[in-house]
Amino acid sequence: MSEAALPLKQRLKLSRFFSGEAPTAGPIVLTQRRVFILPTQRGLAFVLLILLLVLIGFVYNNNLAYLLGFLLASIFFVTILHSFKALAGLTIQPARPQAVFAGQAGPYSFQISNPGSQPRFAVDLTLQSELSISLAAEQTQIVTLYQPTHQRGWQLPGTLTVSSTYPLGLFRAWAPLRFDSPLLVYPKPANQQLPFPESGGGQDKPGQNRRSGDEFDGVRVYQRGDAIRQIHWKAFAKGQGVHSKYYSGASSSELWLDYQQAPGHHLEERLSQLCRWLVDAEQAGLRYGLVLPGLRLPPDNGAAHYRNCLQALALF
Amino acid sequence: MPFLPSTRLMLFMLGSIGLITLPHAWHIPPLLFGFFTLLLLWRLLSVWQPRYLPNRFGVFLLMLLGIGLLYSQQHSVFGRDAGTSLFVVALGLKLLEIHGRRDVYVIVYLAFIVAVTQFLYEESILMALYILLVCGVLLATLITQNSQAPQTLAALKTSAAIILQSLPLALVLFVLFPRLEAPHWSWLDNDTHAKSGLSNTLEPGSIAELSLSPELVFRVKFAGDLPPPAQRYWRGPVYATTDGVSWRAPPVLGRENNPDQPAFTGVTYDYTLMMEPQKQNWVFALEMPTQFGAGLRRNGVYQLITNKNPGDRAEYQLSSSPVYNTGGISKTERRENLQLPGKPSEKIVELVKQLQGRQAGPELFIGNLLQHFRQENFHYTLSPEAMPDKPIETFLFERRAGFCSHYATAFVYLLRVAEIPARVVGGYQGGQINDVGGFLEIRQADAHAWAEAWLEGRGWVRFDPTAAIAPERIERGVNVDLQIASGAVNFSPIQLDAKTLSWLQRGRQLWQSVDYNWQRWIINYDTVNQRAFLQSLGIDNFVKLGYWLLISVAGVGGVLAWRLLRPNLRRQDPALMLYRQFCAKLSKAGIKVDVGDGPKTVAERAKGLRPDLAEAIERITAIYIRLRYQSDTEASDLQVLKKLVASFRV
């Protein structure tokens, strides 16, 4: 897992200390290249304490005072190594994040593993939210941190800072990491509940504005993609297997959600409205298709179709 | 989020603060220590009952009370006692207001300062170990502060490890950090601890008080052979003036005229003498000192005087020669050493006459007198009856039992009646050899008094009348252990319990040897010692010292870093590391490897995207799975995996 050596120019770049190196996809092992250590305020106060002790030793010609001062000075030094040890070797790998709607907190998950035989106490993880974990020897933990989302599309996580002040709080070791694991952000669904559009995208048959389930038609064996609310629970409870109720309206008429028909002054508003319709249609268990300029998703329903449609909106 | 120190943290901290302050109970005024104890107990109680904590106003009032107490007891904030009291009281007050992590740090730092003030009172090895242990607990407090789910034992272990790792570096700094002679600030001196020892006056009984004291006075390390026991006389004050009861050392001032260097013949002993803290600035050299360092001078009665603070431990390089001739005597000196408090009594004059004091030469008289002590049923005892009135006559004619000061004073008195210049010399005689450290230990129990007479052609000559009565005293010295065990000096060796005693002695010697080296190398490592030591290493200027400091700190630090950081990188499963390399190569080729994807899933996906590599991918995956998860691995698997991963090209 040896990483390519950094050219000197990049190595000296100041941003490396604060926001980390260029984003990478793979797991990052914390090594001396990634981990930075600086004394904390308490560490600086500790230096003053050491100076005071040595001064007492000088004024009173007291060798034991000197010795205690030097011991604390050595402890100060040794703590640097321990601070590095608190983070060194940790491996951090991003997990594929779950998509969210814009405005929701974007969850980014990371797998943190401690390959060493040393337990790690108090490792702080900061994205926009903060979390403190400890890892036993050879333990792996998955953590989820949140970062607000504003715009649809792919959103990269910001700088994940892994830090620790263990053991004495005199130093803070930190590693700013950037990962190439983007989160898909769907458009924010519009607030107002407009009726579904009237006509299908480019089809002769007018679109349905009826809610599904108007006319109960029968029961068929459950197929993947059938909405949960269509499941014939009574039959399921009787032990007859999973069946879906079959509505004539749902099959015979299809809903086309067309960009051209979505109200709104500009692109984002229209996409937002389409998103609203998509959410509503999926919840209602309708079969719906999506028409965007240059893209046409035939009517269907179910989780996979729903995701495809939303992704199309997000990336449009 | 308000900061709530855990109960464990509080107990840890309060416990260590109690321990670190405890020895000050003997050092600072009881009122102030009581105030501190009250605050500590208050805080301890509040760990379980937080509502008892005073509010801000309460703390303010307590602070005023503390300042008032400090002022009433110390009147100042400078100096050792006042400074110590100030820090102890501040620590106590700070305990009552812990609002954040920052306050915990302030308290721990204050506790370290209080710890260092302990060393201003006591520098023993035991105190150093005690403080080191408590500092370990203080560090553990900080560790508890910085861990998620702290465990007491783990925190203590970590702090012990940190201290042990720090010690080598601390020692390097200790040895190489330049010691500068600090100016002596008089306002820092308030050392009022009484020390026992010889004084300016020799009262009957003054030495008997010392005879049971095992307190160390000085230690001597000889460069070569030790002088025989009978020559181990360590010269101290010379008592020449008497009022018949007590004898006084003549005032040192006015006798500064440096006496002639005695003529020395025979062997010379070179030795290092380390004085323990004393009341007087006397240095007890082996009779007679021939050479001594710059910090010493010899007064008119051949006694060495130091110009250092006698309250500090100090080391001297000396040479002595037991065979000497001090030469002539001045008129003043003769008069002073013939001084008598009034006319001697008839009985005494009769005794002197009987011993042929005036007719025969002085040497014959002295021989007769010593013979008299030996033959006339004189005894040596450390617990004689009190002789408040005319002690010399009572001793010579009635009691005939006494210890060295009785014999020496009576001897000198009789010589003076016989018109032989004589004086009493105080000091120490003998000393115990420490087998472990190879040095002599001289204790208060070795305090002794003997006589000196001036003889024509020979100068001042030592006579020890005690040796005539109790030669064992001189030959064997005082057995301090036996003495303390039996509660009295006893020269007929009663076998108390020889085995126990020998263990006792052995243990004491071992301990004394450790203590000697502690004093010598740690406590007494000053500017002079450091310069000598560094010169033996070839460091003679500050630039060189700077290099040495840099190199040794870097060296020790490097070794430490290597030791500390090594294990983490080794423990990984090599198969896992190889597989990660493989995954990294796949990601580079655009084949995404997600967290939680098993090796088989990865392989399927990779094969789907790159059918051309299917064979290699399959083999790598199979071997990896075998190495990681199955028991039927082959010895060569790891090697094969290594080769395959290395040759895997995307």
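The sequence lines fix the lettering, A, B, ..., with proteins before strands; numbering per chain opens at 1.
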K.L.:
Find out whether the Lys NZ or Arg CZ of A/Arg42 is both under 6.0 angstrom from the six-membered ring centre of B/Tyr109 and within 45° of the ring's axis.
P.N.:
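Not satisfied by the 6.0 Å and 45° rule.
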
K.L.:
Within a strict 4.5 Å, meaning less than it, do heavy atoms of the A/Leu64 and B/Gln118 side chains meet?
P.N.:
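A side-chain contact is absent here, since even the closest heavy-atom pair is not under 4.5 Å.
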
K.L.:
Using non-hydrogen atoms and a 4.5 Å limit, figure out which bit of B/Cys583 sits close to chain A: side chain, backbone, both or neither.
P.N.:
neither

K.L.:
How far does CD of B/Glu123 sit from CG of A/Leu67, to the nearest 0.5 angstrom?
P.N.:
11.0 Å

K.L.:
At a 4.5 Å cut-off on heavy atoms, which part of A/Ile80 comes close to chain B: side chain, backbone, both, or neither?
P.N.:
neither

K.L.:
Where on B/Leu110 is there a heavy atom nearer than 4.5 Å to chain A: the side chain, the backbone, both, or neither?
P.N.:
neither

K.L.:
For A/Phe77, is it the side chain, the backbone, both, or neither that has a heavy atom closer than 4.5 Å to a heavy atom of chain B?
P.N.:
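For A/Phe77, the side chain is the part near chain B, not the backbone.
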
K.L.:
From A/Lys85 NZ over to B/Leu564 CG, what is the distance, rounded to the nearest 0.5 angstrom?
P.N.:
5.0 Å

K.L.:
Looking at residues at least two apart in the chain, or sitting in another chain, which of them share a side chain to side chain contact (heavy atoms under 4.5 Å, CB included) with A/Leu38?
P.N.:
A/Trp174

K.L.:
I need the residue from B/Thr117, B/Leu120, B/Ile131 with the largest number of non-hydrogen atom pairs under 4.5 Å to chain A.
P.N.:
B/Leu120

K.L.:
So for atom NZ, which belongs to B/Lys585, do other residues, nucleotides or ligands contribute more than 12 heavy atoms lying within a distance under 6.0 Å?
P.N.:
yes

K.L.:
So do A/Tyr166 and B/Ile143 actually touch side chain to side chain, heavy atoms under 4.5 Å?
P.N.:
yes

K.L.:
Give, as side chain, backbone, both or neither, the part of A/Phe84 having an atom under 4.5 angstrom from any heavy atom of chain B.
P.N.:
side chain

K.L.:
Checking heavy atoms, do the side chain of A/Leu49, its backbone, both or neither come under 4.5 Å from chain B?
P.N.:
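When you check distances to chain B, only side chain atoms of A/Leu49 fall under 4.5 Å.
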
K.L.:
Within this structure, what is the CG-CG distance for the pair A/Leu170 and B/Leu142, rounded to the nearest 0.5 Å?
P.N.:
7.0 Å

K.L.:
Less than 4.5 Å apart, side chain to side chain, heavy atoms only: is that true for B/Asn146 and A/Pro167?
P.N.:
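B/Asn146 vs A/Pro167: side chains apart.
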
K.L.:
Quick one: what part of A/Leu68 sits under 4.5 Å from any heavy atom of chain B, side chain, backbone, both or neither?
P.N.:
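Just its side chain gets close to chain B.
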
K.L.:
Between CZ of B/Phe112 and CG of A/Leu72, what distance do you get to the nearest 0.5 Å?
P.N.:
5.0 Å

K.L.:
Check each atom of A/Ile56 against the heavy atoms of chain B and say whether the ones under 4.5 Å are side chain, backbone, both or neither.
P.N.:
side chain

K.L.:
Below 30° counts as parallel, above 60° as perpendicular, anything between as tilted: where do the rings of B/Phe177 and A/Tyr66 land?
P.N.:
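Answer is tilted, since the angle falls between 30° and 60°.
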
K.L.:
Grab the two heavy atoms, one from B/Ile163 and one from A/Ile75, that are nearest each other, plus how far apart they are.
P.N.:
CG1-CD1, 4.2 Å

K.L.:
Take A/Phe70 and B/Leu169, measure what side chain to side chain contact (heavy atoms under 4.5 Å, CB included) needs, and give me the verdict at the end.
P.N.:
CA-CA 8 Å; A/Phe70 296 148; B/Leu169 198 63; over 6 Å; no

K.L.:
Side chain, backbone, both or neither: which part of B/Thr158 has a non-hydrogen atom closer than 4.5 Å to chain A?
P.N.:
side chain

K.L.:
So which atom in B/Ser166 and which in A/Val78 form the shortest heavy-atom distance, rounded to 0.1 Å?
P.N.:
OG-CG2, 3.6 Å

K.L.:
For A/Leu81 versus B/Leu560, what's the shortest heavy-atom pair and its separation?
P.N.:
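Shortest heavy-atom separation between A/Leu81 and B/Leu560 comes out as CD1-C, 4.1 Å.
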
K.L.:
When you measure from the side chain of A/Tyr60 to the backbone of B/Arg80, do you find a donor-acceptor pair of N or O atoms at a distance under 3.5 Å?
P.N.:
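It does hold such a pair.
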
K.L.:
Check A/Phe121 against B/Ser147 and note the closest heavy-atom contact, atom names and distance.
P.N.:
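A/Phe121 and B/Ser147 have their closest heavy atoms at CB-CB, 3.9 Å.
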
K.L.:
What option among A/Thr165, A/Leu53, A/Thr140, A/Asn63 has the most heavy-atom pairs under 4.5 Å with chain B?
P.N.:
A/Asn63

K.L.:
Is the count of non-hydrogen atoms from other residues, nucleotides or ligands lying under 6.0 Å from A/Gln98 atom CD greater than 12?
P.N.:
no

K.L.:
Go through the structure and list residues passing side-chain hydrogen bond (donor to acceptor under 3.5 Å, both in side chains) with A/Asn62, not counting sequence neighbours.
P.N.:
none

K.L.:
Could you pull out the closest heavy-atom pair between A/Leu168 and B/Leu139, with the gap in Å?
P.N.:
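In terms of heavy atoms, the two residues are closest at CD2-O, 3.7 Å.
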
K.L.:
By a 4.5 Å heavy-atom criterion (distance strictly below it), what part of A/Ala86 contacts chain B: side chain, backbone, both, or neither?
P.N.:
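No part of it gets close to chain B.
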
K.L.:
For B/Arg179 and A/Asn61, test the side chains for any donor-to-acceptor distance below 3.5 angstrom and give the result as yes or no.
P.N.:
no

K.L.:
Which atoms of B/Tyr105 are under 4.5 Å from chain A, going by heavy atoms: the side chain, the backbone, both sets, or neither?
P.N.:
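Side chain of B/Tyr105 only, per the 4.5 Å heavy-atom cut-off to chain A.
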
K.L.:
Does the side chain of B/Arg102 come within less than 4.5 Å of A/Gln41's, by heavy atoms?
P.N.:
no

K.L.:
Checking heavy atoms, do the side chain of B/Trp521, its backbone, both or neither come under 4.5 Å from chain A?
P.N.:
neither

K.L.:
Would you say CD of A/Gln151 has more than 12 non-hydrogen atoms from neighbouring residues, nucleotides or ligands within 6.0 angstrom?
P.N.:
no

K.L.:
Heavy-atom pairs under 4.5 Å with chain B are the metric here; pick the option from A/Leu48, A/Leu71, A/Val54, A/Leu52 that has the most.
P.N.:
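Ranked by heavy-atom pairs under 4.5 Å with chain B, first place is A/Leu71.
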
K.L.:
Just how far is it from atom OG of A/Ser113 to atom CG of B/Leu576, taken to the nearest 0.5 Å?
P.N.:
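A/Ser113 OG to B/Leu576 CG: 8.5 Å, rounded to 0.5 Å.
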
